[in-house]
Amino acid sequence: SASRFYAAKKKDSKPSKASKSASQDDSSSPPAEFDMSKTKAKMQACIDRLKQNLSTSITIGRANPALLDKVLVTNEKKGGHGSGVPLSQLAQISAKDAQTLMVVLNDEDFTAIAEKGIRDANLGFSPLKVDASTIKVTVPKMSAEYRETILKSISQIAEKHKTQIRELRGTARTDVKKLKIKSTDEVRRIESKIQIEHDAFIKEVDAAAEAKKKEV
């Protein structure tokens, strides 16, 4: 449920006629409020992106069709313009064993450019055309040196998303100041709530990163 915080109204002891009229106009509009749910939704989106990045950007030495999710295929016969089409839309991708992915193109005319797309993605894989419509992709085994590189990459990805969450905390605090809430106690309560949400999402980032590291 959304958490909403309201600014306290200051009462005048003996308002004039003009102030009475202004007061009546003010009473018809809702008091200033801070909607915590928007900040929480944006922080949750950071967590969702983090998990997606960890699942598709980190190669842990075991064949998984998701490893080719970012491969784009561009039809060079048509000029090679545009951002390309995801390989997953042009082929059936499956894991033959722990180190091998098999890519079967729906149209053999795309086999050569699909092979090039896999190489150009710089994933460290070795694609090899085995027949008119099939590509074999070898996923390298993990060495100790490569494992350290992967662990470092996981930490870097996690820190990037922590930074995004910290920035959202800063934005939320700025939004609170814009409300010009009179009560300092109320401001402290709101900022405390923002900090609590921030800390909870930071812990989620750490948990996701640690879970990924255990897979390596």
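In this text, all values refer to a predicted model and were calculated from it rather than measured experimentally.
- Put simply, CG on Asp69 and OG on Ser55 are 7.5 Å apart, with the number rounded to the nearest 0.5 Å.
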Please list every donor-acceptor pair under 3.5 Å in which a side-chain atom of residues 42-49 meets a protein atom from a residue at least two apart or in another chain.
unit_1, atom_1, unit_2, atom_2, d
Gln44, NE2, Asp48, OD1, 3.1
Arg49, NH2, Gln164, OE1, 3.2

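- A distance of 9.0 Å separates CG in Leu68 from OG in Ser88, rounded to the nearest 0.5 Å.
- Residues Asp35 and Asp175 have side chains not in contact (no heavy-atom distance under 4.5 Å, counting atoms from C-beta outward).
- A salt bridge links Arg166 and Glu159; the closest N-O separation between the charged side-chain nitrogens and carboxylate oxygens is under 4.0 Å.
- Inter-residue side-chain proximity for Ile194 and Val176 is flagged as met; some heavy-atom pair is nearer than 4.5 Å.
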Identify all side-chain donor-acceptor contacts of residues 89-97 below 3.5 Å with residues at least two apart in sequence or on another chain.
unit_1, atom_1, unit_2, atom_2, d
Asp97, OD1, Gln99, N, 2.9
Asp97, OD1, Thr100, N, 2.8
Asp97, OD1, Thr100, OG1, 3.0
Asp97, OD2, Thr100, OG1, 3.4

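- The closest side-chain heavy-atom distance from Phe34 to Ile181 is not below 4.5 Å.
- Pairing each heavy atom of Leu50 with each of Ala158, the nearest pair is CD1-CA, 4.1 Å.
- In this structure, Ile135 and Leu105 have side chains that are in contact, with non-hydrogen atoms separated by less than 4.5 Å.
- Between Lys193 and Glu197 there is a salt bridge, since at least one side-chain N of the basic residue sits less than 4.0 Å from a carboxylate O of the acidic one.
- To the nearest 0.5 Å, atom CZ of residue Arg169 and atom CD1 of residue Ile202 are 7.5 Å apart.
- Note on Leu151 and Val205: same hydrophobic cluster, where clusters join Ile, Leu, Val, Met, Phe, Trp and Tyr whose side-chain heavy atoms are under 4.5 Å apart, directly or indirectly.
- For CD of Gln156, the number of neighbouring non-hydrogen atoms (other residues, nucleotides, ligands) closer than 6.0 Å is greater than 12.
- When all heavy atoms of Val71 and Ala121 are compared, the closest pair comes out as CG2-CB, 4.0 Å.
- In this structure, the separation between CG on Leu168 and OG1 on Thr163 is 11.0 Å, given to the nearest 0.5 Å.
- No side-chain heavy atom of Ile157 sits under 4.5 Å from any side-chain heavy atom of Lys212.
- Taking 4.5 Å as the limit, every side-chain heavy atom of Leu67 sits out of range of all side-chain heavy atoms of Val137.
- Val85 and Leu123 fall within the same hydrophobic cluster, where Ile, Leu, Val, Met, Phe, Trp and Tyr residues are linked whenever their side-chain heavy atoms come under 4.5 Å apart, directly or through other members.
- Between Lys116 and Thr74, every side-chain heavy-atom pair lies at or beyond the 4.5 Å cut-off.
- The closest side-chain heavy-atom distance from Ile154 to Leu54 is below 4.5 Å.
- In this structure, Thr111 contributes its side chain and Ala132 its backbone to a donor-acceptor pair below 3.5 Å.
- Note that CD of Glu204 and NZ of Lys162 are 12.5 Å apart. Values are rounded to the nearest 0.5 Å.
- In terms of the salt bridge (charged side-chain N to carboxylate O under 4.0 Å, His left out) criterion, residue partners of Arg119 (sequence neighbours excluded) are, by chain and number, Glu115.
- Residue His161 holds its NE2 atom at 8.5 Å from CD1 of Ile165, rounded to the nearest 0.5 Å.
- Using a 4.0 Å cut-off between charged side-chain N and carboxylate O, Asp185 and Arg188 make a salt bridge.
- Residues Lys213 and Ser155 bring a donor and an acceptor atom of their side chains to less than 3.5 Å of each other.
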